[in-house]
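In what follows, a structure is listed as structure tokens, so that the remarks can point back to it.
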Amino acid sequence: LSNLFASVTVELDDEALGHFLTALSTQCFASLAHEATSKEKLAAPGSGAGGTAQRLFALTRFVETVLCNLHRAPALWPLVTQLLLPVANHKVPRIRVVGIESLS
């Protein structure tokens, strides 16, 4: 599945890629809102819990897609900051770590 995101998105024009990233960020914000209000929390890093990967799927794919398309950074940057800055400020420490690592 990872290869699908990487290989397909580099073929998209800037507008289509923007729509794709917007859809991923919408899903990501929904997951993050759920995480912020849920009593069920993300597992600690390295615990092997499958829920972490599932809950961060949209965020992980968003970051991977942006990394595969860094040559288009000027066109993507507003979308990137619109998602990653709130992630880096999320109240759940594990999500903050993912956001901060994504910015570096």
Side-chain angles (χ1 to χ4, degrees):
L1 190 57
S2 292
N3 290 339
L4 174 67
F5 281 87
S7 63
V8 171
T9 61
V10 295
E11 300 296 325
L12 298 175
D13 63 29
D14 287 352
E15 183 178 0
L17 182 59
H19 289 300
F20 183 75
L21 289 174
T22 299
L24 276 175
S25 67
T26 300
Q27 179 59 42
C28 184
F29 278 126
S31 295
L32 295 177
H34 170 75
E35 187 58 37
T37 59
S38 175
K39 293 188 185 301
E40 180 184 342
K41 297 299 176 194
L42 284 173
S47 68
T52 301
Q54 293 170 350
R55 291 184 189 166
L56 297 178
F57 177 82
L59 177 58
T60 303
R61 295 301 170 243
F62 183 93
V63 170
E64 289 175 359
T65 301
V66 169
L67 290 175
C68 289
N69 289 279
L70 276 180
H71 60 282
R72 299 195 256 186
L76 303 178
W77 196 244
L79 289 170
V80 172
T81 57
Q82 181 180 5
L83 176 66
L84 293 183
L85 291 178
V87 170
N89 287 310
H90 200 273
K91 75 178 200 174
V92 176
R94 176 65 185 135
I95 293 175
R96 279 197 309 265
V97 168
V98 172
I100 292 166
E101 287 175 350
S102 299
L103 288 170
S104 60

Legend entry - Spacing of CZ belonging to Arg72 relative to CG belonging to Asp13, to within rounding of 0.5 Å: 7.5 Å
Inset, instruction - Would you indicate whether the side-chain heavy atoms of Phe29 and Pro86 approach each other to under 4.5 Å? - result: yes
Inset, instruction - Look up atom CG in Leu56 and atom CZ in Phe62, then write down how far apart they are to the nearest 0.5 Å. - result: 14.0 Å
Legend entry - Heavy-atom closest contact (Ala75 atom, Asp14 atom, distance): CB-OD2, 3.9 Å
Legend entry - Interatomic distance, Leu84 atom CG to Leu79 atom CG [nearest 0.5 angstrom]: 10.5 Å
Inset, instruction - Identify the two heavy atoms, one from Lys91 and one from Arg96, that lie closest to each other, and give their separation to 0.1 Å. - result: O-NH1, 3.2 Å
Legend entry - Euclidean distance, Leu59 CG relative to Leu83 CG, rounded to 0.5 Å: 6.0 Å
Legend entry - Stepwise side chain to side chain contact (heavy atoms under 4.5 Å, CB included) check, Cys28 with Leu24: CA-CA 6 Å; Cys28 184; Leu24 276 175; over 6 Å; no
Inset, instruction - Run the numbers on Asn69 and His71 for side chain to side chain contact (heavy atoms under 4.5 Å, CB included), then give the verdict. - result: CA-CA 5 Å; Asn69 289 279; His71 60 282; 4.0 Å; yes
Inset, instruction - Take Leu17 and Thr65, measure what side chain to side chain contact (heavy atoms under 4.5 Å, CB included) needs, and give me the verdict at the end. - result: CA-CA 9 Å; Leu17 182 59; Thr65 301; 3.8 Å; yes
Inset, instruction - Not counting sequence neighbours, which residues clear side chain to side chain donor-acceptor pair (under 3.5 Å) with Ser25? List them please. - result: none
Inset, instruction - State yes or no: do Val10 and Leu67 share one hydrophobic cluster built from I, L, V, M, F, W and Y residues joined by side-chain heavy-atom distances below 4.5 Å, directly or via other members? - result: no
Inset, instruction - Look up atom CZ in Arg61 and atom OG1 in Thr9, then write down how far apart they are to the nearest 0.5 Å. - result: 11.5 Å
Inset, instruction - Could you tell me whether the side chain of Val80 reaches within less than 4.5 Å of the side chain of Trp77, counting heavy atoms only? - result: yes
Legend entry - hydrophobic_cluster_shared for Leu85 and Val92, side chain cutoff 4.5 Å: yes
